[in-house]
Amino acid sequence: MGGGTVTGGRPEGALPELPEVEITRRHLEAVLSGRVLESLSLTHERTARHNASPDEVMTRLQGRRVMAVGRRGKFLEITLDDGQTMVTHLGMSGRWAIDADETIPHTHFVARLDDGRTVSFIDPRTFGFVAVYDDEDLAGSGLARVGPDAWADPPDVDGLAQSLRGRTAPIKALLLDQTPIAGLGNIYADEVLFRAGIHPLTPGGSLDAVQLGSVLGSVQDVLAEAISNGGTTLDDLAYLLPDGNAGENMMSLDVYGRKGEPCPRCGSPISRIVVRSRSTHFCPTCQAGP
DNA sequence: AACGATCCCTGTTGGC
DNA sequence: TGCCAACAGGGATCGT
């Protein structure tokens, strides 16, 4: 067990990426849509860091009705009835829980709804946040810099080619950048490149149309599988779905966290390198070097 | 502009 | 056994 550590060559911990955020969105949508936020409790300064203070967040949310729960990349956008938007990001260790025990450690935010239910934000490492924006705030926020959603609004080959043109950074780094395509994190970026047969250090701008098509197809395959499996829980104490269950996608990971294990396609030992300070797993045979 | 480095943060672990 | 440095990573920010 453990958060973000390596044991026996297998990293553990929670890494909320697009599938985990999408599953969270669906749960929150079911509970929040049409409901009024009656009472708020935001008890951690850092969780409110995108606003002036926790008090400001609570005041601006108080009494608002939820109109819609959307998602772009790994950001959740909760549209309110007065034109404001509540934006939340799970960071590394954040999760939303429904009707949870409010004494769970690292519970930084609780909203009680007009039907008596509650939604809680639990985030040990506080990389996540809860923010309230008006339109002007939103335009200057991190959400405004996020590119097309990898699942709901994926770019086509020409669009991706255009955003990668001339880029010399490794494709792994560009997949994590959230600008060319939004929603992939460290796990699924590695899985996508494995399925596409592309070495993670390949300069992004050097990929041809066939390779970009393969990347985009792999993105859809990897995300569809992860969502249908309920997301990836690497650690039964870390990432949990809002209903408290664990995702079952870990068994479907081909390369992430499998350094030294045989490639599921060719049997070569999986390699681990570091790209942009992020652990990167690939098959040296199936993903020939740049 | 593009790219890389640095920082934030905490639970867990491996080394001593 | 116990202490503690090292490690994991998304996004913001800054320097080159």
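As a basis for the values below, the full set of heavy atoms in this structure was taken, side chains included, without hydrogen atoms, waters or symmetry mates. Letters A, B, ... are given to chains in the order of the sequence lines, protein chains preceding strands, and every chain is numbered from 1.
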>> Do the side chains of A:Glu191 and A:Arg195 get close enough for a salt bridge, i.e. N-O under 4.0 angstrom?
In response: no
> According to a strict under-4.0 Å criterion, is A:Arg272 in side-chain N/O contact with OP1 or OP2 of C:dA8?
Replying inline: yes
>> Check this one for me: any side-chain N or O of A:Gln178 less than 4.0 Å away from OP1 or OP2 of C:dG10?
In response: no
>> Just the rounded figure in Å: distance from P of B:dA1 to CZ of A:Arg145.
In response: 14 Å
>> Closer than 4.0 angstrom, basic N to acidic O: yes or no for A:Asp82 and A:Arg64?
In response: yes
>> Rounded to whole Å, please give me the gap between NZ in A:Lys259 and C1' in C:dC7.
In response: 13 Å
> Roughly, in whole Å, what's the span from CD in A:Glu17 to P in C:dA8?
Replying inline: 16 Å
> Between C:dA8, B:dC3, B:dC9, which nucleotide has the shortest distance from any of its atoms to the side chain of A:Phe127?
Replying inline: B:dC9
> For A:Leu18 and C:dG10, what is the distance between atoms CG and C1' respectively, to the nearest whole Å?
Replying inline: 14 Å
> Starting at the 5' end of DNA chain B and moving along, which residue's nearest nucleotide shows up first, A:Ala169 or A:His44?
Replying inline: A:Ala169
> Just how far, in rounded Å, is P of B:dA1 from CZ of A:Arg167?
Replying inline: 12 Å
> Choosing from B:dC3, B:dG11, C:dG11, which nucleotide comes nearest the side chain of A:His106?
Replying inline: B:dG11
>> Is A:Arg278 close enough to C:dG10 that one of its side-chain N or O atoms is under 4.0 Å from OP1 or OP2 there?
In response: yes
> What integer distance in Å separates A:Leu90:CG from C:dG10:P?
Replying inline: 12 Å
>> Taking any heavy-atom pair under 4.0 Å as a contact, classify A:Thr168: base, sugar-phosphate, or nothing.
In response: sugar-phosphate
> Do A:Arg125 and C:dA8 share a donor-acceptor pair, side chain to base, under 3.5 Å?
Replying inline: yes
> Looking at the side chain of A:Ser279, which of B:dC9, C:dA12, C:dA8 is the nearest nucleotide?
Replying inline: C:dA8
> Can a cation-pi geometry be assigned to A:Arg258 and A:Phe194, taking NZ or CZ under 6.0 Å from the six-membered ring centre and within 45° of the ring axis?
Replying inline: no
>> Measure CG/A:Leu143 against C1'/C:dA12 and give the value in whole Å, please.
In response: 15 Å
> Is the A:Phe129 to A:His50 ring centre distance short of 6.0 Å?
Replying inline: yes
>> The side chain of A:Arg276 is closest to which nucleotide in this list: C:dG11, B:dC9, B:dC3?
In response: B:dC3
> Does a side-chain N-to-carboxylate-O contact under 4.0 Å join A:Glu22 and A:Arg25?
Replying inline: yes
> B:dA5 P sits how many Å from A:Leu176 CG, rounded?
Replying inline: 14 Å
